[in-house]
Amino acid sequence: MSTQDSRQESLPQSARTTGSATVTVFASPTSWIESDALAQCHQVAALDGMIHVAAMPDLHPGKGAPIGAAMASSVLYPFLVGSDIGCGIAVFPIKLKHAVPEKLAARFPDLDQALDPVRDADDPAWAVVDDEIPAGHLEGLGTVGRGNHFVELARIDSILDPAHATRLGLTAGGLVLIVHSGSRGLGEQILRAHTEVHGAGSAPDPAAYLALHDDAVRWGSLNRRLMAARVAYALGAEPTEPLVDQCHNLVEVRDGVYLHRKGAAPGDGRDVLIAGTRGTRSYLVAGHAGPDANHSVAHGAGRKMSRADALRRGRAKHTVEELRRTPVGSLVVCGDRQLLFEEAPTAYKRIEQVIADLVDHDLATPIVSTVPLVTYKTPTLGPNSPRDRRDQRRNRGRS
DNA sequence: ATGTAC
């Protein structure tokens, strides 16, 4: 199977009796995979009840558990999903007459500001809420969050599978909104409630955890639709239904076991957008991953550097201006300089290699690529904004 | 990735 396979048959006889699960890495030998991330896969493999760990080519170290892995177990471990339960990527078609990045970047709404049922009662974006708000959770509703989350206006670039692209109504030059976000404070609350009592232990009442988890998954999806509607209206377009909306942090019950996905998208007959970086292409693919891959595909380019390294090396290598205007001509709306360095394209692996690894292992077939026009991270409040002044204080004497 | 504390 994989050239970085470390299945039990390759281990000495004595190691086979430990009850450790199998670990398969779906990456070429030349693809960059950190040894810390592999070590985390093997730590996970040693957990009680673990059956199989499938590591995707975007694998990188996470907090306690690897990111970019699908982990099947007879026991449910909330920490393997992490705090951003329901995080995922949705793609919405959008029609605009003129797509000039400079003009559109200035029109994005403030996605740090939650939709308030009273103050924003007249906001037309509420129309996408067609049911109860999951868990009745209003805090942070309609906000993108931080880290690697973003809302991007992108153009369909290459058509790689014409028949499939046509079925989805995608043509070269068409525009889409790509929304990567999750359940914000809600998922964090759910994991914390478990962790305070059980730490990294399993869920003693899986059904109880799953009920809360499912709320967070629904909330994340609603949040992505709300943001797409907020942005569509702000850009002078109508909101649309998502073409794809796949969640890469969740646990599902499948074949009688708990399949935990952490930075791994469902890849079993579904279409999924695999995000590049703020300054490179993304790829919509048709997933056809089988049991060896725990029915999963990669979720993005995957970090190549820790946030700390990206910040340190980025300050020496890039100016803020070149990170806000990328090599593909897109604009990055980000009023937080530190985040801009942490999320620099050079801090990530090459998305084309990740896609090639998926193709080579027969996990996915690319449908189209997209190229960013405007990527929104967090509001730019102008040169004298409180945020930028804070950044200047933080950076003084260091850069 | 998160809200909160420093």
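Hydrogens, waters and symmetry mates are skipped; everything else that's a heavy atom, side chains included, is used. Please read these numbers as outputs of a predicted model, since none were measured by experiment.
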Inset, instruction - Answer yes or no: is there a side-chain heavy-atom contact under 4.5 Å between A:Leu284 and A:Val176? - result: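 No, side chains not in contact.
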
Legend entry - Heavy-atom check, side chain of A:Val251 versus side chain of A:Leu210, under 4.5 Å: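 Yes; the side chains approach each other to less than 4.5 Å.
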
Any side-chain N or O of [X] less than 4.0 Å from the OP1 or OP2 oxygen of [N]?
{"X": "A:Arg184", "N": "B:dG3", "result": "yes"}
{"X": "A:Arg146", "N": "B:dG3", "result": "no"}
{"X": "A:Arg192", "N": "B:dT2", "result": "no"}

Within this structure, what is the [atom1]-to-[atom2] distance between [X] and [N], rounded to whole angstrom?
{"X": "A:Glu196", "N": "B:dG3", "atom1": "CD", "atom2": "P", "answer": "15 Å"}
{"X": "A:Ile85", "N": "B:dT2", "atom1": "CD1", "atom2": "P", "answer": "12 Å"}
{"X": "A:Arg303", "N": "B:dA1", "atom1": "CZ", "atom2": "P", "answer": "8 Å"}
{"X": "A:Leu191", "N": "B:dA1", "atom1": "CG", "atom2": "C1'", "answer": "11 Å"}
{"X": "A:His137", "N": "B:dG3", "atom1": "NE2", "atom2": "P", "answer": "8 Å"}
{"X": "A:Asn249", "N": "B:dT2", "atom1": "CG", "atom2": "C1'", "answer": "13 Å"}
{"X": "A:Leu250", "N": "B:dA1", "atom1": "CG", "atom2": "P", "answer": "16 Å"}
{"X": "A:Gln338", "N": "B:dT2", "atom1": "CD", "atom2": "P", "answer": "15 Å"}

Inset, instruction - State plainly whether one hydrophobic cluster holds both A:Leu226 and A:Leu186, where clusters connect Ile, Leu, Val, Met, Phe, Trp and Tyr through side-chain heavy atoms under 4.5 angstrom apart. - result: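 Yes; tracing contacts between hydrophobic side chains, which count when under 4.5 Å, links both residues.
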
Inset, instruction - Decide if atom CZ of A:Arg313 counts as having more than 12 heavy atoms of other residues, nucleotides or ligands within a radius under 6.0 Å. - result: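 No, because the 6.0 Å sphere around CZ of A:Arg313 holds 12 heavy atoms or fewer from other groups.
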
